[in-house]
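Before any comments, here is the structure.
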Amino acid sequence: QVHLVESGGGLVQPGGSLRLSCAASGSIPSIYLMGWYRQAPGKQRELVAIITSGGSTTYSDSMKGRFTISRDNAKYTVSLRMNSLRPEDTAVYYCKLGTSYGVDYWGQGTQVTVSS
């Protein structure tokens, strides 16, 4: 069993910054990628950013230049630095761990609210 625990969400003003972290524990399988998705009320879950075990990154277009993903393979953690936050970034942010054999694990989510 794999457990993912996110932290770092909260309330921030427009233009502000937050850093999300996710730690994996349990029977850690062969990890292919770790990353972040988000889901706003009434919308589908969408990609924010992912990073492979080799360090390759993919960002959603709307996050490029504002968000930075990083990971520590030895500690099974992934982080997301979010700058220049906008009200439309308000969502529940989920951590994902993708294995090399196609099974995905998800965290419980952390709320990010961008509002003045």
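In what follows, residues are counted from 1 in the order of the sequence shown.
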Nearest 0.5 Å, please: how far is [atom2] in [Y] from [atom1] in [X]?
X     : Y     : atom1 : atom2 : answer
Ser79 : Trp36 : OG    : CH2   : 7.5 Å
Asn83 : Arg19 : CG    : CZ    : 10.5 Å
Ile28 : Ser30 : CD1   : OG    : 11.5 Å
Thr52 : Met34 : OG1   : CE    : 12.5 Å
Gln39 : Glu46 : CD    : CD    : 9.5 Å
Ile69 : Met82 : CD1   : CE    : 11.5 Å

Using the rule that two of Ile, Leu, Val, Met, Phe, Trp, Tyr join whenever any of their side-chain heavy atoms come within less than 4.5 Å, decide whether [X] and [Y] are in one cluster.
X     : Y      : answer
Val92 : Leu47  : yes
Tyr76 : Tyr101 : yes
Tyr32 : Tyr105 : no
Met63 : Ile51  : yes

Please tell me if the side chains of [X] and [Y] come closer than 4.5 Å, counting only heavy atoms from C-beta onward.
X      : Y      : value
Val48  : Tyr94  : no
Cys22  : Lys96  : no
Leu11  : Ser115 : yes
Ile31  : Leu97  : yes
Thr77  : Ser21  : no
Tyr93  : Glu6   : no
Leu85  : Phe67  : yes
Gln108 : Leu4   : no

Review point. When Leu18 is tested against each of Val112, Val114, Thr113, Asp89 for side chain to side chain contact (heavy atoms under 4.5 Å, CB included), which residue passes?
Key: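 With Leu18 as partner, side chain to side chain contact (heavy atoms under 4.5 Å, CB included) holds for just one option, Val112.
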
What are the two closest heavy atoms between [X] and [Y], and how far apart are they?
X     : Y      : result
Ser62 : Arg86  : O-NH1, 4.0 Å
Ala91 : Arg38  : CB-CB, 3.9 Å
Pro14 : Ser116 : CD-N, 3.7 Å

Practice item. Taking ring-ring contact (aromatic ring centres under 6.0 Å, His included) as the test, write out the residues that go with Tyr37, two or more places apart. Key: Trp106

Check your understanding: Any chance CD of Glu88 has more than 12 other-residue heavy atoms, nucleotides or ligands included, within less than 6.0 Å?
Key ->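 Check passes, neighbour count above 12.
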
